[in-house]
Amino acid sequence: NAGVTQTPKFQVLKTGQSMTLQCAQDMNHNSMYWYRQDPGMGLRLIYYSASEGTTDKGEVPNGYNVSRLNKREFSLRLESAAPSQTSVYFCAIASVTYEQYFGPGTRLTVT
Amino acid sequence: GENVEQHPSTLSVQEGDSAVIKCTYSDSASNYFPWYKQELGKGPQLIIDIRSNVGEKKDQRIAVTLNKTAKHFSLHITETQPEDSAVYFCAASRWDSNYQLIWGAGTKLIIKP
């Protein structure tokens, strides 16, 4: 997971609260991604950013917003958290040859 | 859209034996197929990948094979060791989707001592 950091590592929210998950990279890659992983399942893409200033929806964008303020940082925001958003969230970056590298994850529980 | 199926969901092998995990994909335009290893409490780690212009790729004890006609690809781990115990994911993507990965559901590999 070197090169990709995520904060916080753990978070508990109440239904309706908001929060922002932060992701930063030091590998100077253009592409960044946000995934969620639910128990016993593969990862599902929430949003991605092919370059600074651009973002696109993935497979499960509803309930989330993202910001790519600069090349290093890509944040994921939950405006009004719901129990269905309880999950582990991973940020990833991709090299120019498209290999993706993942951060350590944020474990979010919404009660 | 693309769909990736992965089998088996759990695989238990004796230490030293080989393990094989198989994935099938539905989109014939997919051209990039990575494999990831995920240890408990950690993010997925890329262990090997293959592109559609290649049929097989090896890296020490790990190999991946691709059959484009049948639309399936497999991960082979030889001489398994305790540290190979983890969840393994396959994925598929295509160049015109910004290489968005579509993931299999994962295989829990258990190495018995």
Side-chain angles (χ1 to χ4, degrees), chain A residues 1-7 9-10 21 23-25 27 29-51 54-61 66 68 74 87-108, chain B residues 1-10 21 23-27 29-54 57 59 64 75 86-109:
Chain A
N1 297 333
V4 183
T5 57
Q6 291 183 238
T7 55
K9 286 185 169 52
F10 301 93
L21 284 66
C23 174
Q25 57 140 333
M27 299 178 74
H29 289 326
N30 283 324
S31 298
M32 299 185 75
Y33 306 78
W34 276 107
Y35 290 91
R36 61 178 287 172
Q37 184 177 34
D38 299 309
M41 296 179 67
L43 282 73
R44 292 184 292 169
L45 182 65
I46 305 171
Y47 271 94
Y48 68 99
S49 170
S51 62
T54 68
T55 60
D56 287 285
K57 294 178 180 179
E59 182 184 357
V60 289
V66 290
R68 181 81 183 272
F74 188 35
S87 190
V88 181
Y89 291 85
F90 288 102
C91 175
I93 60 176
S95 71
V96 293
T97 48
Y98 301 105
E99 296 93 349
Q100 289 191 21
Y101 301 96
F102 286 78
T106 294
R107 281 153 182 78
L108 175 66
Chain B
E2 175 67 281
N3 182 53
V4 177
E5 294 190 357
Q6 183 172 347
H7 300 282
S9 57
T10 304
I21 302 170
C23 287
T24 60
Y25 61 99
S26 61
D27 187 349
S30 289
N31 61 345
Y32 175 62
F33 308 92
W35 285 90
Y36 285 83
K37 176 183 180 181
Q38 187 175 28
E39 296 175 332
L40 196 62
K42 297 185 177 181
Q45 177 188 9
L46 178 67
I47 56 172
I48 196 166
D49 57 12
I50 192 167
R51 298 176 196 268
S52 59
N53 58 344
V54 175
K57 184 177 179 181
D59 183 3
V64 56
L75 177 71
V87 178
Y88 291 80
F89 291 96
C90 64
S93 69
R94 50 189 288 172
W95 69 272
D96 60 353
S97 70
N98 284 308
Y99 282 93
Q100 292 182 59
L101 293 176
I102 305 300
W103 295 73
T107 296
K108 183 176 183 179
L109 178 62

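Naming: A, B, ... by sequence-line order, numbering from 1 per chain.
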- Item | Residue A:Thr106 versus chain B: region with a heavy atom under 4.5 Å | neither
- Message: Just so I understand: if I count every heavy-atom pair under 4.5 Å between each of B:Gly41, B:Pro34, B:Ala91, B:Ser9 and chain A, which residue has the most?
- Response: B:Gly41
- Nearest 0.5 Å please: distance from the CG atom of B:Asp49 over to the SG atom of B:Cys90. 13.0 Å
- Note on the structure: In short, A:Leu43 meets B:Trp103 closest at the heavy-atom pair O-CD1, 3.3 Å
- Task: Measure from the ring center of A:Tyr35 to the ring center of A:Phe102 and say whether it is less than 6.0 Å.
- Result: yes
- Item | Proximity breakdown for B:Ile102 and chain A, heavy-atom pairs closer than 4.5 Å | neither
- Task: Let me see the working for A:Glu99 and B:Tyr32 under side chain to side chain contact (heavy atoms under 4.5 Å, CB included), right down to the final yes or no.
- Result: CA-CA 9 Å; A:Glu99 296 93 349; B:Tyr32 175 62; 3.5 Å; yes
- For the candidates A:Phe90, A:Tyr33, A:Tyr98, which exhibits the highest count of non-hydrogen atom pairs separated by less than 4.5 Å from chain B? A:Tyr98
- Message: Less than 4.5 Å apart, side chain to side chain, heavy atoms only: is that true for A:Leu45 and A:Val60?
- Response: no
- Query: A:Gln6 versus chain B, heavy atoms under 4.5 Å apart: side chain, backbone, both or neither?
  - Reply: neither
- Item | Which portion of A:Arg44 sits near chain B, non-hydrogen atoms under 4.5 angstrom | neither
- Applying a strict 4.5 Å limit to non-hydrogen atoms, the region of B:Gln38 in contact with chain A is side chain
- Task: Might you point out which heavy atoms bring B:Gln6 and B:Cys23 nearest each other, and give the distance in Å?
- Result: CG-SG, 3.5 Å
